[in-house]
Amino acid sequence: MLLRLRMLAAQGVHPLDALRASRLQEEEPRDAVLESFDIEGVAKYMQASKCKNVVVMCGAGISTSAGIPDFRTPGSGLYDNLQRYNLSQPELIFDLAFFQSQPAPFYELCKELWPGTYRPTRAHYFIRLLEEKGVLRRCYTQNIDSLERQAGLSPEKVVAAHGNMDEAHVLDSVPERKVDIEDVRRAIFAGEEGWQALRQAHGGLVKPKIVMFGEDLPDRFWELQQQDLQECDLLIVIGTSLVVEPFAGLVGKAAPDAPRLLINREPAGTCEQRVFGFRFQLPEGDNWRDVWFEGGCDEGCHALAAALGWGEDLQRLESEAEAE
Ligand code: OAD
């Protein structure tokens, strides 16, 4: 048991959550809400139940086909490729205290990921299509690349749970002092001289509003998440390892009879790892609503669009974007 707790802790699962989850695997089974536990089953459910409150949760996996590495995939993930910054632990790049003492690595990373360099993926356009079809309640993203907005999602449909580079502020300023994002972009692109000058000009470190470990999530996340998840009639989770809290906890908050679809290369967020986690890995009878599409985010989104008869609409959105 201890070994298992250690293993889960290494994946970011708190030991108390793991212990609680092992009890909660006993969650009372319900009648199946899906005809089949696959993409077709989800599509049939969406059509039959006239789904209109779909909540999407997404992570770095939806942007890898755009050329942005994810964080934790061994080898290609960002955390395996930060040697040049000489960090004792890769997560330090998003650590507030570390940023205050050594801002350079974070600014370098901002420069690499600055919006405008990358284009949205098929998975992003699929989420936009959900909005166009009038069924998207909200898209909760952990990504800081703003590709959901670039794909055309309306601002009110997106919750950037880990912030992004649309805005910047002076660290520890009360009341908060915002800094023009174009000034910040120029300073960061000018390297150390640039961001040191910006710091001088504003009397403190200026930080794009990316949520670091040690900072709270935006108010918008806390204001919307409870009701969105309680009222959702389908949860689609795409391209995330579901190890960072409190974001990952949203999975367990979905209404108990709302189907949940995970589109990801590997399983994530299962009930062995978290409270009310996915049950797609359990024998039939113990799972009444969860589906895992094992594969690429773009492929999974394409398959669901095709099963819904929306294949051409998705194609149109992508072609229009390419033509721009
Ligand atoms: P991770 O890198 O932890 O997880 C990405 C998941 O997507 C993994 O399970 C991959 O196997 C999967 N994946 C990658 N590419 C895929 C593809 N093309 N198709 C299908 N699956 C794919 O990224 P997140 O879960 O988003 O914090 O990480 C959460 C947070 O951790 C981030 O928001 C970041 C980091 O610390 C901040 O930026 C503040």
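Each ligand, and each atom within it, is numbered from 1 in the order the structure gives. Basis for what follows: all heavy atoms, side chains included, without hydrogens, waters or symmetry-related copies. Keep in mind that this is a model prediction, so the values were computed, not measured.
- Classified by interplanar angle (parallel below 30°, tilted 30° to 60°, perpendicular above 60°), the ring pair Phe106/Phe99 is perpendicular.
- For the pair Arg185 and Phe189, the cation-pi criterion (under 6.0 Å, within 45° of the ring axis) is fulfilled.
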Please table the atom pairs, donor to acceptor, closer than 3.5 Å between any side-chain atom in residues 198-210 and protein atoms at least two apart or in another chain.
residue : atom : partner : partner atom : Å
Lys207  : NZ   : Ile210  : O            : 2.8
Lys207  : NZ   : Glu215  : OE1          : 3.2
Lys209  : NZ   : Glu176  : OE1          : 2.9
Lys209  : NZ   : Glu176  : OE2          : 3.1

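- Residues Ser63 and Asp145 bring a donor and an acceptor atom of their side chains to less than 3.5 Å of each other.
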I would like to know whether Phe94 and Leu109 meet side chain to side chain contact (heavy atoms under 4.5 Å, CB included); could you show each step before the answer? CA-CA 10 Å; Phe94 289 119; Leu109 189 69; 3.6 Å; yes
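- In this structure, the side chains of Ile238 and Cys301 come closer than 4.5 Å at one or more pairs of heavy atoms.
- Near ligand 1, Gly59, Ala60, Gly61, Thr64, Asp70, Phe71, Arg72, Thr73, Tyr79, Phe94, Gln142, His162, Val211, Phe213, Gly239, Thr240, Ser241, Val244, Asn264, Arg265, Glu266, Gly295, Gly296, Cys297 each place a heavy atom less than 4.0 angstrom from the ligand.
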